[in-house]
Amino acid sequence: MNPLNKLKGRIKEKDLSYFSLSKEIGISVSAFSNKMNGRSAFDIIEAGKLSSILDIPPQDITIFFT
């Protein structure tokens, strides 16, 4: 499965929006959307913040962000 699809599923499980997540990690909604659609990549800091918000354990980060 595509890592971004796994990430989208996790966001849906947590009932969060792109808007709320983008604000929490400090980027615009359009930048967040571009990253979620594979047009650009999350940097390590953004991935770390998202992992914390989405309760992704450190050992599973590569499953969601590769």
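Just so it is clear, the model here is predicted, and its values are computed rather than measured.
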**Asked** Is the backbone N or O of Asp55 less than 3.5 Å from a side-chain atom of Arg10, with the two atoms forming a donor-acceptor pair by type?
**Response** yes
Here the ring pair (Phe, Tyr, Trp, His ring centres under 6.0 Å) pairs for residues 45-66, sequence neighbours left out, are Phe42-Phe65
dist Thr62:OG1 -> Ile56:CD1 (nearest 0.5 Å) comes out at 10.5 Å
Hits for side-chain contact (heavy atoms from CB on, under 4.5 Å) against Ile63, two or more places apart or cross-chain, chain-then-number order -> Lys6, Asp60
Over 12 foreign heavy atoms within 6.0 Å of CG, Asp15 = no
**Item:** Under 3.5 Å donor-acceptor, Lys35 side chain and Ala41 backbone
**Value:** yes
Output for pair (Lys8 NZ, Met36 CE), nearest 0.5 Å, gives 5.5 Å
Residues passing the ring-ring contact (aromatic ring centres under 6.0 Å, His included) test with Tyr18, sequence neighbours excluded, are Phe32
Can you tell me if Asn2 uses its side chain to pair, donor with acceptor, with the backbone of Leu4 under 3.5 Å?
-> yes
The reported gap from NZ in Lys14 to CG in Leu54 (rounded to nearest 0.5 angstrom) is 7.5 Å
Correct closest heavy-atom pair for Ser28 and Ser22 would be O-CB, 3.7 Å
Distance col, row Ile45:CD1 vs Leu50:CG, nearest 0.5 angstrom, shows 12.5 Å
Shortest non-hydrogen pair, Ala31 vs Ser40, comes out as O-OG, 4.5 Å
Please lay out, stage by stage, how Ile61 and Thr66 fare under the test side chain to side chain contact (heavy atoms under 4.5 Å, CB included). CA-CA 8 Å; Ile61 289 175; Thr66 55; over 6 Å; no
OG (Ser51) and CD1 (Ile44) are apart, to the nearest 0.5 Å, by 8.5 Å
Strictly distance-based, threshold 3.5 Å: is any side-chain N or O of Ser20 a donor or acceptor partner for the main-chain N or O of Leu16? no
**Request:** Report yes or no: do Ser33 and Ser30 form a side-chain donor-acceptor pair below 3.5 Å?
**Result:** no
